[in-house]
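Atoms considered below: every heavy atom in the structure, side chains included; atoms not considered: hydrogens, waters and symmetry mates. Here is the naming used below: chain letters follow the sequence lines, and residue numbers restart at 1 for every chain.
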Amino acid sequence: MSFEPERDPMPDPELGAHLHAVLPDPAAHAPDWDGLRARLRERAALSLARLRRQRRAWWQYAAAWARPAIPAAVAAAALLAVVLGRQPEPLPALAERPGLEDVLGAPVPELEYDLLFEGSALSANEALLRAAFYER
Amino acid sequence: MGRSFSSGAEPPSPDDGELVERVRGGDATAFDQLVERHMWRAYAVAYRLLGHREDAEDLVQDAFLVALAKLDTFHSGRSFGPWFYRIVVNRGLNQRKARSRRRTEPLPDEAPARQASPERLAEQSELRARLSQALDELPETQRAVVQLFEVEGFTGAEIAEIMEIPAGTVRWHLHQAKKTLREILEPLRRRET
């Protein structure tokens, strides 16, 4: 019998038969297949569940997130509406402010009149003194 | 018996690669199918390696669970069988080493009883004892290689993948093992011719 490193030898039926006879025969000592299946199924369940959890598609992630995300979005929208509804009172419109005509047409106190129209006769110091006394 | 038989009316069963992909996604049915497909052969290999039913059952169970845990290291393009039987054989050989002193179950003595004379029976019984002893004295790798090739029916390439050794090394171990075992069988051959 020569060794051929490049080619598988052919199986030897005679040797195979003797080995079959010598080695333990699994068919003669078959296990309880149903029991073996059941034990395997039971012991594999956890690993399989872990694999299922790892292998979720994007829509499954979306679905998983939808449950907490939808109420959170509703709450955020309500909060936004409340915040927007509480804006500070707007400044008075331009029309409500006194115009130039209102100012010019308003009654002028006597002293201010004197200051405006008799100012020419008073010195600046006198006008200041009179205004101060008038204020008091 | 663990083997399943299919009738022509059934849809074609998915191949191992497809089942492995489904198991990767946690499909328990696909795992059951994979177990069903390989359970018998795995048990046969384990039982012939260990010679003890309970040990072989435990080995098969562990091998499937280890395969499941290591499934992420399995490359989809390769074939599942050799990868799985590597787990069975490696663990079996380790157990064999660890339990080398443990006795095997008594072997059923049914085969030669059919047509043999008492002399012939005694002769065969002696021959078997010698063959069995020679098998036990072979280096572990040679013993496993010759068992996988001559008894379990794996090819040299499959054994190379299972044992994680080059195909040329498998052939060398096979050659050496067969040479040793044939020398044991030679007296029987001479008597028969």
**Asked** For A:Ala49, is it the side chain, the backbone, both, or neither that has a heavy atom closer than 4.5 Å to a heavy atom of chain B?
**Response**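 No part of A:Ala49 comes within 4.5 Å of chain B.
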
**Item:** Which atoms of A:Asp32 approach chain B - backbone, side chain, both or neither, heavy atom under 4.5 Å
**Value:**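 Backbone only.
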
**Message:** Less than 4.5 Å apart, side chain to side chain, heavy atoms only: is that true for B:Lys178 and A:Leu15?
**Reply:**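 Touching, per the 4.5 Å side-chain cut-off.
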
**Item:** Check: A:Gln54 and B:Arg24 side chains under 4.5 Å, non-hydrogen atoms
**Value:**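 With C-beta onward as the side chain, the pair stays apart.
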
Let me know if [X] has heavy atoms under 4.5 Å from chain A in its side chain, its backbone, both or neither.
{"X": "B:Asp27", "result": "backbone"}
{"X": "B:Val170", "result": "neither"}
{"X": "B:Ala129", "result": "neither"}
{"X": "B:Val151", "result": "both"}
{"X": "B:Leu135", "result": "side chain"}
{"X": "B:Asp136", "result": "neither"}
{"X": "B:Ala69", "result": "neither"}

Minimum heavy-atom separation for [X] and [Y], please, with both atom names.
{"X": "A:Ala44", "Y": "B:Leu68", "result": "CB-CD2, 3.6 Å"}
{"X": "B:Ala28", "Y": "A:Arg52", "result": "N-NH1, 4.5 Å"}
{"X": "B:Asp32", "Y": "A:Arg41", "result": "OD2-NE, 3.1 Å"}
{"X": "A:Met10", "Y": "B:Glu150", "result": "O-OE2, 4.4 Å"}
{"X": "A:Leu23", "Y": "B:Arg143", "result": "CD2-NH2, 3.4 Å"}
{"X": "A:His29", "Y": "B:Tyr47", "result": "CD2-OH, 2.7 Å"}

**Item:** Full working for side chain to side chain contact (heavy atoms under 4.5 Å, CB included) between B:Asp62 and A:Arg43
**Value:** CA-CA 10 Å; B:Asp62 286 349; A:Arg43 289 187 62 189; 3.9 Å; yes

In Å, rounded to the nearest 0.5 Å, how long is the span from [atom1] of [X] to [atom2] of [Y]?
{"X": "B:Leu34", "Y": "A:Leu40", "atom1": "CG", "atom2": "CG", "value": "11.0 Å"}
{"X": "B:Gln147", "Y": "A:Leu19", "atom1": "CD", "atom2": "CG", "value": "8.5 Å"}
{"X": "A:His18", "Y": "B:Leu131", "atom1": "NE2", "atom2": "CG", "value": "7.5 Å"}
{"X": "A:Glu42", "Y": "B:Gln61", "atom1": "CD", "atom2": "CD", "value": "9.5 Å"}
{"X": "B:Leu181", "Y": "A:Asp12", "atom1": "CG", "atom2": "CG", "value": "9.5 Å"}

**Request:** Show the numbers, then the answer: is there a salt bridge (charged side-chain N to carboxylate O under 4.0 Å, His left out) between A:Glu14 and B:Arg182?
**Result:** CA-CA 10 Å; A:Glu14 189 194 358; B:Arg182 276 179 178 148; over 6 Å; no

**Message:** Under a 4.5 Å cutoff for heavy-atom pairs, which residue among A:Ala45, A:Pro31, A:Ser47, A:Gly16 has the most contacts with chain B?
**Reply:**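 Most heavy-atom pairs under 4.5 Å with chain B: A:Pro31.
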
